[in-house]
Undergrad: 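Here it is, the structure, as structure tokens.
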Amino acid sequence: QVQLVESGGGLVQAGDSLRVSCAGSGRTFGRYAMGWFRQAPGKLREFVATINWNGDTTYYADSVKGRFTISRDNAKNTVYLQMNSLKPEDTAVYYCATGTSSFANTLSQGYSYWGQGTQVTVSS
């Protein structure tokens, strides 16, 4: 079973930057798409960003496009989410997930394994 562990969350001020990481178990990490999702209190989990197996295709939610960048390093079994120009609306628990295929996917149903999440809080 795939194991995913997020890290790098924390408390920052609006306008700051933060990079969260997700470390995978490694055996077949490089064969699958990866995604980042987030969930704020009282809200549904929403798509943030996704990246295909080798990193040459990415998609972003409109709310983060131009501010966030997803990347991966398959040699390190790690996927990253670089978050710039953070806003209070970005406050949420951020989850990484392993896709069911090699293709980038914006739907949560396209992912089979999930990490425990890391809290990102953006103050005004």
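None of these values were measured; they are calculated from a predicted model.
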Undergrad: Tell me whether Y59 at atom OH has more than 12 heavy atoms from other residues, nucleotides or ligands lying less than 6.0 Å away.
TA: no
Undergrad: In plain terms, say whether K87 and D90 are close enough for a salt bridge, that is, a side-chain N and a carboxylate O under 4.0 Å apart.
TA: no
Undergrad: With a 4.5 Å cut-off on side-chain heavy atoms, are F68 and N84 touching?
TA: no
Undergrad: Measure from NZ or CZ of R67 to the centre of the six-membered ring of Y60, then state whether that distance is under 6.0 Å and the direction lies within 45° of the axis.
TA: no
Undergrad: Hey, does R38 have a side-chain heavy atom less than 4.5 Å from the side chain of V93?
TA: no
Undergrad: Could you tell me the separation between the CD atom of E46 and the OG atom of S108, rounded to the nearest 0.5 Å?
TA: 11.5 Å
Undergrad: Does one side chain, of Y80 or R19, offer a donor that lies under 3.5 Å from an acceptor on the other?
TA: no
Undergrad: Please report the closest heavy-atom contact between N74 and N54, naming both atoms and the distance.
TA: ND2-CA, 4.4 Å
Undergrad: For Y95 versus E6, what's the shortest heavy-atom pair and its separation?
TA: CA-OE2, 3.3 Å
Undergrad: Atom OG1 of T69 and atom CE of M83: how far apart are they, to the nearest 0.5 Å?
TA: 11.0 Å
Undergrad: Mind checking whether W53 and Y113 sit in one hydrophobic cluster, side chains of I, L, V, M, F, W, Y counted as touching below 4.5 Å?
TA: no
Undergrad: Could you tell me the separation between the OG1 atom of T58 and the CZ atom of R72, rounded to the nearest 0.5 Å?
TA: 12.0 Å
Undergrad: Could you list all the disulfide bond (SG atoms under 2.5 Å apart) pairs where at least one residue sits in residues 78-124, not counting sequence neighbours?
TA: C22-C96
Undergrad: Under a 4.5 Å cut-off applied to non-hydrogen side-chain atoms, are V2 and Y32 in contact?
TA: no
Undergrad: So which heavy atom on V48 is nearest to which on L81, and how close?
TA: CG1-CD2, 4.1 Å
Undergrad: My understanding is that only residues two or more places apart in sequence, or in another chain, count here; which of them pass ring-ring contact (aromatic ring centres under 6.0 Å, His included) with F37?
TA: F47, Y111, W114
Undergrad: Using 0.5 Å steps for rounding, measure from the CG atom of D16 to the OG atom of S85.
TA: 9.5 Å
Undergrad: Got a sec, which hydrophobics cluster with F103, joining ILVMFWY side chains under 4.5 Å apart, including via others?
TA: none
Undergrad: Please give me the minimum heavy-atom distance between K65 and D62, naming the atom from each residue.
TA: NZ-OD1, 3.3 Å
Undergrad: I'd like to know if the side chain of T91 and the backbone of T121 have a donor-acceptor N/O pair within less than 3.5 Å.
TA: no
Undergrad: Would you check if Q82 and S17 make a side-chain contact, meaning some heavy-atom pair closer than 4.5 Å?
TA: yes
Undergrad: Is any side-chain heavy atom of Q119 closer than 4.5 Å to a side-chain heavy atom of L11?
TA: no
Undergrad: Measure across A14 and P88 and return the closest heavy-atom pair with its distance rounded to 0.1 Å.
TA: CB-CD, 4.1 Å
Undergrad: Give the minimum heavy-atom separation between V12 and L18, together with the two atoms involved.
TA: CG1-CD1, 4.1 Å
Undergrad: Give a yes or no answer on whether the side chain of T50 reaches the backbone of M34 with a donor-acceptor pair at less than 3.5 Å.
TA: yes
Undergrad: Where the side chain of N52 meets the backbone of D56, is there a donor-acceptor pair that is under 3.5 Å apart?
TA: yes
